[in-house]
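Working notes for the structure below.
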Amino acid sequence: MTAEIVAAAQELLNRTEEGTQLTDTWSDLDLATAYAIQDEALRLRQERGETLIGVKLGLTSRAKQQRMGVEEPLLAWLTDAMVLPAGAPTPRLIHPRAEPELVFVLGERLAGPGVTAATALAAVSQVYGGIEIIDSRYRDYRFTLPDVVADNGSSALFGLGSVGRPPSSLDLSLEAALLEVDGQIVDTATGAAVQGHPAEALALAANSLAARGLALEPGWLVLTGGMTDAVELRPGSRVAAHFSNLGSVTISG
């Protein structure tokens with residue numbers, strides 16, 4: 001662990017306002033180093049009392065990759081401090097955005113390599129609807145892939161719905177979400193927007209972690225990636241995601 005990695009993790013973790021991307025001054029930052037920064041930030045979170053509860057995928061939609069100027073999905077860590085309790089207002093963030101997600105709860109360990117969508121789905125005990133609140137530490141959400149990986153995938157908070165279903169009872173590629181902002185429907189998508197099927201995203205997570213000597217553990221949550229574009233979460237606004245079979249989730253700015 002180099003001093004540069006530790007310093008970058010500390011600096012990103014402690015940012016309370018948007019700043020420059022790491023690659024503005026660290027031009028040769030690569031993905032392996034970016035994940036090392038992400039892991040160091042997790043260690044710092046755990047040191048201050050947070051508990052690792054799972055992972056999230058980001059940029060799983062090809063359209064979103066093109067829009068953000070990156071070329072592949074990413075993984076990031078989830079801790080218990082990122083859970084937004086139902087009905088709780090969103091605390092002050094830098095420039096939060098909200099997006100609907102399908103969320104898996106693992107019933108058993110899932111370790112790559114070679115995990116397929118079918119074997120991944122067999123490890124899932126429950127599926128929930130959720131809303132992730134992202135909050136990039138970079139100015140105007142400008143970043144390269146190593147930048148956003150180092151920033152733990154622009155992670156901030158997430159809320160889960162109250163309706164959980166076994167995956168066998170759902171057609172997840174057709175599970176739809178309506179995204180509502182202050183009473184107006186602004187976007188809609190199905191699970192097919194997430195790598196063609198959200199189980200493909202889960203398999204990707206397991207196989208990507210295997211390359212780092214890690215696995216998805218029983219009881220972990222996996223946020224599979226935004227189904228629609230993320231919308232700005234303004235102070236006093238209300239964002240809701242309404243799912244076909246997984247109820248609704250509402251958060252307040």
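The analysis underlying the following values was restricted to heavy atoms, covering all of them including side chains, and did not include hydrogens, waters or symmetry mates. Predicted, not measured: the structure shown is a model, and the values here were computed from it. Along the sequence shown, residues carry numbers from 1.
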Gln46 meets the side-chain hydrogen bond (donor to acceptor under 3.5 Å, both in side chains) criterion, sequence neighbours left out, with none
From [atom1] ([X]) to [atom2] ([Y]), nearest 0.5 Å:
{"X": "Ile133", "Y": "Leu233", "atom1": "CD1", "atom2": "CG", "answer": "5.5 Å"}
{"X": "Gln126", "Y": "Ser169", "atom1": "CD", "atom2": "OG", "answer": "8.0 Å"}
{"X": "Ser154", "Y": "Tyr138", "atom1": "OG", "atom2": "OH", "answer": "8.0 Å"}
{"X": "Tyr35", "Y": "Leu42", "atom1": "OH", "atom2": "CG", "answer": "13.5 Å"}
{"X": "Ile251", "Y": "Thr90", "atom1": "CD1", "atom2": "OG1", "answer": "5.0 Å"}

Per the side-chain contact (heavy atoms from CB on, under 4.5 Å) rule, which among Val194, Thr190, Leu102 passes with Glu175?
-> Leu102
I need the minimum non-hydrogen distance between [X] and [Y], along with the two atoms involved.
{"X": "Leu174", "Y": "Ser244", "value": "O-OG, 4.4 Å"}
{"X": "Glu101", "Y": "Gly226", "value": "OE2-N, 3.4 Å"}
{"X": "Thr144", "Y": "Gln21", "value": "N-OE1, 3.5 Å"}
{"X": "Arg234", "Y": "Ser237", "value": "O-OG, 2.7 Å"}
{"X": "Leu179", "Y": "Pro100", "value": "CD1-CD, 3.9 Å"}
{"X": "Leu74", "Y": "Gly153", "value": "CD1-CA, 3.7 Å"}

Checking side chain to side chain contact (heavy atoms under 4.5 Å, CB included) for the pair Glu50/Asp80: CA distance, chi angles, key distance, verdict?
-> CA-CA 6 Å; Glu50 297 181 29; Asp80 58 343; 3.8 Å; yes
Show your reasoning for whether salt bridge (charged side-chain N to carboxylate O under 4.0 Å, His left out) applies to Arg97 and Glu232.
-> CA-CA 4 Å; Arg97 299 178 181 181; Glu232 182 182 356; over 6 Å; no
With Arg15 as partner, the option from Glu17, Glu18, Glu11 fulfilling side chain to side chain donor-acceptor pair (under 3.5 Å) is Glu11
Would you please classify the geometry between the His95 ring and the Tyr141 ring as parallel, tilted or perpendicular, with 30° and 60° separating the classes?
-> tilted
May I have the step-by-step check of side chain to side chain contact (heavy atoms under 4.5 Å, CB included) for Leu29 and Ile37, ending in yes or no?
-> CA-CA 10 Å; Leu29 177 65; Ile37 294 169; 4.0 Å; yes
If only atom types and distance count, is the side chain of [X] paired as donor or acceptor with the main-chain N or O of [Y] below 3.5 Å?
{"X": "Glu132", "Y": "Gly225", "value": "no"}
{"X": "Asp147", "Y": "Thr23", "value": "yes"}
{"X": "Ser173", "Y": "Gly191", "value": "no"}
{"X": "Asn207", "Y": "Gly114", "value": "yes"}
{"X": "Ser208", "Y": "Leu204", "value": "yes"}
{"X": "Glu99", "Y": "Ile134", "value": "no"}
{"X": "Asp135", "Y": "Ile94", "value": "yes"}

So, do [X] and [Y] sit near enough that their side-chain heavy atoms are less than 4.5 Å apart?
{"X": "Thr20", "Y": "Arg139", "result": "yes"}
{"X": "Leu170", "Y": "Leu246", "result": "yes"}
{"X": "Glu4", "Y": "Trp26", "result": "yes"}
{"X": "Leu22", "Y": "Phe143", "result": "no"}
{"X": "Leu75", "Y": "Leu57", "result": "yes"}
{"X": "Leu121", "Y": "Ser168", "result": "no"}
{"X": "Leu157", "Y": "Pro91", "result": "yes"}
{"X": "Thr250", "Y": "Arg238", "result": "yes"}

Linked hydrophobic residues, Leu78 as query - side chain contacts closer than 4.5 Å = Ile53, Met82, Val83, Val103, Val105, Tyr128, Phe158, Leu160, Leu221, Leu223
Cluster question for you: counting only ILVMFWY and a side-chain heavy-atom cut-off of under 4.5 Å, with indirect links fine, are [X] and [Y] together?
{"X": "Leu52", "Y": "Leu110", "answer": "yes"}
{"X": "Leu106", "Y": "Leu214", "answer": "yes"}
{"X": "Ile185", "Y": "Val231", "answer": "no"}
{"X": "Val163", "Y": "Ile131", "answer": "no"}
{"X": "Leu93", "Y": "Leu12", "answer": "yes"}

Can Arg212 and Asp39 be said to form a side chain to side chain contact (heavy atoms under 4.5 Å, CB included), step by step?
-> CA-CA 11 Å; Arg212 296 157 62 189; Asp39 291 346; 2.9 Å; yes
List the steps, then state whether side chain to side chain contact (heavy atoms under 4.5 Å, CB included) holds for Leu172 with Phe104.
-> CA-CA 11 Å; Leu172 289 171; Phe104 291 137; 3.6 Å; yes
